[in-house]
Amino acid sequence: MTAKTVFILNGPNLNLLGAREPAIYGRDTLGDIEAAATAKAGALGLTVDFRQSNNEGTLIDWVQEADAKAAGLIINPGGYTHTSVALLDALGAASIPKIELHLSNIHAREAFRRQSITAAAADGVIMGFGAAGYSLALEALKNLIDNPALK
Ligand code: CA2
């Protein structure tokens, strides 16, 4: 049987991981995270389509593409987490299982980061575990894909 594909979408500035702010976001680069996520997905019998964009509209297009093509979606919306009604609407329109992911615990940070606009459209949120969160999110997504009644 062909492995189901899941999209992992990463928002603005996540391409900078590893270079700056290691105390908050860790030392892994986004390339390191993609390699680990690809290996984890393989162990779960999934294929990953891993992407990053600094553009809100591109992320919205990819959410719509995921809904048409993928079995599930993990998204770290970056700063758009706290601002984007348009991304919330795109996620809300997508019927596939969806996990929101943050490297940091946004509730332990500045007041403006404590609200996620986008999380209302997610089936669940994983945050605060650094790069390991991607692996945890894949496990959670696999559970949702295999058990649609949980959604
Ligand atoms: O904790 C997360 O995963 C965030 O989504 C990361 C975003 C931030 O805006 C959210 O509030 C929480 C930031 C993405 C990465 O930003 C960097 C900035 C400088 C150096 C490295 C990464």
Side-chain angles (χ1 to χ4, degrees), residues 5-44 46-67 70-145 150-151:
T5 298
V6 298
F7 277 27
I8 302 182
L9 304 182
N10 297 279
N13 298 307
L14 286 158
N15 55 312
L16 299 176
L17 286 178
R20 294 188 216 119
E21 308 254 33
I24 300 173
Y25 298 122
R27 295 205 174 272
D28 287 332
T29 66
L30 199 59
D32 296 332
I33 290 172
E34 179 176 3
T38 301
K40 177 71 181 186
L44 293 170
L46 299 170
T47 298
V48 161
D49 190 331
F50 192 97
R51 305 180 186 186
Q52 188 275 331
S53 176
N54 293 328
N55 297 302
E56 187 175 21
T58 300
L59 291 164
I60 289 166
D61 287 343
W62 288 348
V63 169
Q64 293 180 5
E65 185 184 339
D67 194 42
L73 167 70
I74 295 166
I75 184 164
N76 183 344
Y80 290 135
T81 303
H82 319 293
T83 65
S84 182
V85 173
L87 195 50
L88 169 68
D89 289 345
L91 289 164
S95 57
I96 54 173
K98 292 154 279 182
I99 310 272
E100 179 165 312
L101 165 70
H102 299 284
L103 295 159
S104 62
N105 176 358
I106 62 172
H107 297 295
R109 301 189 61 193
E110 304 97 318
F112 66 85
R113 290 188 206 274
R114 288 181 201 148
Q115 187 199 14
S116 170
I117 288 178
T118 48
D123 294 295
V125 181
I126 290 173
M127 68 173 80
F129 300 106
Y134 284 78
S135 177
L136 298 171
L138 278 164
E139 286 186 23
L141 190 60
K142 167 80 173 160
N143 192 39
L144 286 177
I145 291 168
L150 294 174
K151 212 175 112 49

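Remember, it's 1-based here, ligands and their atoms both numbered in the order they're listed.
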Could you list which atoms of ligand 1 come closer than 4.0 Å to a heavy atom of [X]?
X	value
P12	14 (C)
L14	14 (C), 15 (C)
R20	20 (C), 21 (C)
G79	9 (O)

### Message
Between R51 and E34, does any NZ, NE, NH1 or NH2 come within less than 4.0 Å of an OD or OE carboxylate oxygen?
### Response
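No, E34 and R51 are not salt-bridged.
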### Query
Between R113 and E110, is the closest basic N to carboxylate O distance under 4.0 Å?
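Yes, E110 and R113 are salt-bridged.
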### Query
Around atom CZ of R27, are there more than 12 heavy atoms of other residues, nucleotides or ligands at under 6.0 Å?
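It does not: R27 CZ has 12 such atoms or fewer within range.
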Does any part of the side chain of [Y], heavy atoms only, come nearer than 4.5 Å to the side chain of [X], both counted from C-beta?
X	Y	result
V63	F7	no
L101	M127	no
N10	I8	yes
I126	H102	no
L144	I99	yes

### Task
Return a yes/no value for H82: is any of its N or O atoms, backbone included, closer than 3.5 angstrom to an N or O of ligand 1?
yes
How close does the nearest protein non-hydrogen atom get to [atom], and which residue and atom is it?
atom	value
atom 19 (C) of ligand 1	E21 CG, 3.6 Å
atom 8 (C) of ligand 1	R113 NH1, 3.3 Å
atom 13 (C) of ligand 1	Y25 OH, 3.4 Å
atom 15 (C) of ligand 1	N13 O, 3.7 Å
atom 2 (C) of ligand 1	L103 N, 3.4 Å
atom 4 (C) of ligand 1	H102 ND1, 3.7 Å
atom 1 (O) of ligand 1	S104 OG, 2.5 Å

#### Entry: Contact partition for P77 relative to ligand 1, non-hydrogen atoms under 4.0 Å
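No part of P77 is near ligand 1 at this cut-off.
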### Task
Report the part of N76 in contact with ligand 1, treating N, CA, C, O as backbone and CB onward as side chain, heavy atoms under 4.0 Å; options are side chain, backbone, both, neither.
side chain
### Query
Do the rings of F112 and H82 sit parallel, tilted or perpendicular, given the 30° and 60° boundaries?
perpendicular
